[in-house]
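Below: the structure, in structure tokens.
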Amino acid sequence: MSRRPEKPGEPIGPSVGIATRTRPKTKKPDMYKVLLLNDDYTPMEFVVQIIQDVFHRDRDAATRIMLHVHQKGVGVCGVYTYEVAETKVARVVELARQNQHPLQCTMERE
Ligand code: TYC
């Protein structure tokens, strides 16, 4: 196979070459914040434990997040792709339900 020269004067030759696409065709996934909501009844220790277990925060970070939610009413526990965020929300909701705490957790597109 021969090809049309790309520039005047360029010799006609076989169409061979290497892929040189430098722009990735991938696009970043939408990210979702997982939010914890304050309430008057869920024990602080339960919330700290949930944040450690579900969001893999150490005890200090978990305590900071819990206190932020306690004081401001809502706080971000982490930012994830849709399915991961959905799974974390479901785990928190289920643990709260099993322990009969009114703790609420939700997600929101970033
Ligand atoms: N406000 C609760 C209390 O005083 C503690 C709490 C913190 C509850 C964070 C929920 O997402 C929450 N026991």
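These figures come from a predicted structure and were not determined experimentally. Order of appearance sets the numbers: ligands from 1, and atoms from 1 within every ligand.
- No side-chain donor-acceptor contact under 3.5 Å links Asn99 to the backbone of His101.
- Salt bridge annotation for Glu94-Arg91: absent, with no cationic side-chain nitrogen under 4.0 angstrom from a carboxylate oxygen.
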| request: Please report the C-alpha distance between Gln52 and His56 in whole Å, then the side-chain angles of each, then the deciding distance to 0.1 Å, and finally whether the side-chain contact (heavy atoms from CB on, under 4.5 Å) criterion is met. | output: CA-CA 5 Å; Gln52 289 187 86; His56 309 300; over 6 Å; no

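- Under the 4.5 angstrom side-chain criterion for Ile, Leu, Val, Met, Phe, Trp and Tyr, the cluster partners of Tyr80 are Tyr32, Val34, Leu36, Met44, Phe46, Val47, Val48, Ile50, Ile51, Val54, Phe55, Ile65, Met66, Leu67, Val69, Tyr82, Val84, Val89, Val92, Val93, Leu95, Leu103, Met107.
- Within 4.0 Å of ligand 1, counting heavy atoms only, the contacting residues are Leu36, Leu37, Asn38, Asp39, Thr42, Met44, Val47, Met66, Val69, His70, Leu103.
- Of the residues Asn38, Leu37, Thr106, the one that meets the side chain to side chain contact (heavy atoms under 4.5 Å, CB included) test with Val74 is Leu37.
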| request: Tell me, with the steps shown, if Glu110 and Asp30 meet side-chain contact (heavy atoms from CB on, under 4.5 Å). | output: CA-CA 7 Å; Glu110 233 195 356; Asp30 289 337; over 6 Å; no

